[in-house]
Amino acid sequence: MNMKKVIIAMGLAFGVSIVASAADKKPAHEGPSVSVPAGDIKFVDTGVKSDGKELKAGPAYGNLANGRHGTFVRAPAGFKSAAHTHTEDYYAVVLKGVGANYQAGGKAVPLPVGSYWFQRGEESHVTECISDTDCLFFLVQPGKFDYVLSK
């Protein structure tokens, strides 16, 4: 057998062993499976207010004050945040109402139920509930939630 064939055979064997060992590894799991009815989600004040209206947060997993989390956020009808940033990126889905999330100074694009947005961390933006009814969003964030007013 020539050297070229030996190198190819060794490479194939190495590749197969990597794939086999990756298949043997079990994924890390978050914890036990849970099911929580909507009525059992406990909403608390967030301290984020605008014109006397305050955002409320209800945990799904994790803790928004300490680290990685998934959180339901209720925004009262007509709520419009001040321009602000968050340290961490986050992902959001509109579950109820019509929301908007846009860069400070930009134009609000209506986001009806089923819509999605991604908000880059440290980027100034405004979040609104532009419907006549309250909004419900679901956020997923890899770190703690903070709210820093833009300068």
Side-chain angles (χ1 to χ4, degrees), residues 11-12 14-151:
L12 287 172
F14 180 70
V16 167
S17 70
I18 288 175
V19 170
S21 69
D24 291 341
K25 289 187 179 183
K26 302 273 187 204
H29 297 291
E30 297 286 328
S33 297
V34 298
S35 297
V36 180
D40 290 351
I41 297 168
K42 306 293 184 226
F43 284 84
V44 297
D45 295 340
T46 63
V48 177
K49 297 179 182 178
S50 177
D51 294 328
K53 299 175 182 181
E54 183 171 5
L55 295 180
K56 308 277 187 185
Y61 70 88
N63 183 323
L64 80 157
N66 297 325
R68 194 165 69 86
H69 64 97
T71 302
F72 294 95
V73 175
R74 282 188 182 155
F79 177 88
K80 181 177 181 178
S81 75
H84 64 282
T85 64
H86 307 282
T87 302
E88 300 278 347
D89 297 347
Y90 76 85
Y91 308 85
V93 176
V94 179
L95 302 175
K96 179 181 171 193
V98 180
N101 189 77
Y102 51 94
Q103 289 184 351
K107 181 182 174 189
V109 174
L111 300 170
V113 171
S115 298
Y116 159 84
W117 79 81
F118 166 74
Q119 180 55 57
R120 184 171 172 246
E122 301 180 330
E123 181 177 77
S124 185
H125 64 284
V126 174
T127 304
E128 293 188 62
C129 177
I130 61 177
S131 57
D132 293 335
T133 59
D134 292 350
C135 292
L136 181 63
F137 309 129
F138 187 73
L139 279 61
V140 173
Q141 195 170 31
K144 73 177 186 171
F145 180 86
D146 57 5
Y147 182 89
V148 181
L149 292 175
S150 298
K151 297 175 182 170

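Under 3.5 Å, the side chains of Gln119 and Asn101 contain a donor-acceptor pair of N or O atoms. Checking Trp117 against Tyr102 by side-chain atom types alone, no donor-acceptor pair falls below 3.5 Å.
For the residue pair Leu139 and Ala92, the shortest heavy atom distance occurs at CD1-CB, 4.1 Å. The shortest heavy-atom contact between Ser115 and Pro112 is OG-O, 2.7 Å. What you find for Gly97 and Val94 is that their closest heavy atoms are O-CG1, 3.5 Å. Listed here is the closest heavy atom pair of Ala77 and Cys129: CA-SG, 3.9 Å. Shortest non-hydrogen contact noted between Ala57 and Thr71 is CB-CG2, 3.8 Å. Taking both residues in full, the closest heavy atoms of Ala75 and Phe137 are given as CB-CE1, 4.0 Å, listed atom of the first, atom of the second, then distance.
Within the structure, ring-ring contact (aromatic ring centres under 6.0 Å, His included) pairs that include any residue of residues 46-73 comprise Phe72-Phe138 (at least two apart or interchain).
Note that the CG atom of Asp134 and the NZ atom of Lys96 stand 5.5 Å from one another [nearest 0.5 Å]. Cys135 contributes atom SG, which lies 8.0 Å from atom CD1 of Ile130 (distance to the nearest 0.5 angstrom). For the atom pair OG1 of Thr46 and OH of Tyr147, the computed distance is 8.5 Å after rounding to the nearest 0.5 Å.
Contact annotation: the side chain of Val48 never approaches that of Glu54 to less than 4.5 Å [non-hydrogen atoms, C-beta and beyond]. In this structure, the side chains of Phe43 and Leu55 stay at 4.5 Å or more apart for every pair of heavy atoms. Between Val148 and Glu122, every side-chain heavy-atom pair lies at or beyond the 4.5 Å cut-off. By the 4.5 Å heavy-atom criterion applied to side chains, Phe118 and Asp89 are counted as neighbours.
Listed by chain and number, the residues in a salt bridge (charged side-chain N to carboxylate O under 4.0 Å, His left out) with Asp45 are Lys56 (sequence neighbours excluded). Every side chain to side chain contact (heavy atoms under 4.5 Å, CB included) that Lys53 has, sequence neighbours left out, goes to Pro76, Phe79. Not counting sequence neighbours, the partners of Ser150 by the side chain to side chain contact (heavy atoms under 4.5 Å, CB included) test are Ala83, Thr85, Ser124. Applying the salt bridge (charged side-chain N to carboxylate O under 4.0 Å, His left out) test to Arg120 and every residue at least two apart in sequence or in another chain returns nothing. For Pro142, the side chain to side chain contact (heavy atoms under 4.5 Å, CB included) criterion is met by Glu88, not counting sequence neighbours.
Side-chain atoms of Ser50 never come within 3.5 Å of backbone atoms of Ser81 as a donor-acceptor pair (strictly under, hydrogens ignored). In terms of modelled atom types and a separation under 3.5 Å, the side chain of His86 and the main chain of Asp146 share a donor-acceptor contact.
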### Test log, rule side chain to side chain contact (heavy atoms under 4.5 Å, CB included), inputs Gln103 and Val126
CA-CA 6 Å; Gln103 289 184 351; Val126 174; over 6 Å; no
### Task
Before giving the answer on side chain to side chain contact (heavy atoms under 4.5 Å, CB included), spell out for Val98 and Leu111 the whole-Å C-alpha distance, their side-chain angles and the decisive distance to 0.1 Å.
CA-CA 5 Å; Val98 180; Leu111 300 170; 5.5 Å; no
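Within 6.0 Å of atom CG in Asp40, more than 12 heavy atoms from other residues, nucleotides or ligands are found, so the atom counts as buried in its surroundings.
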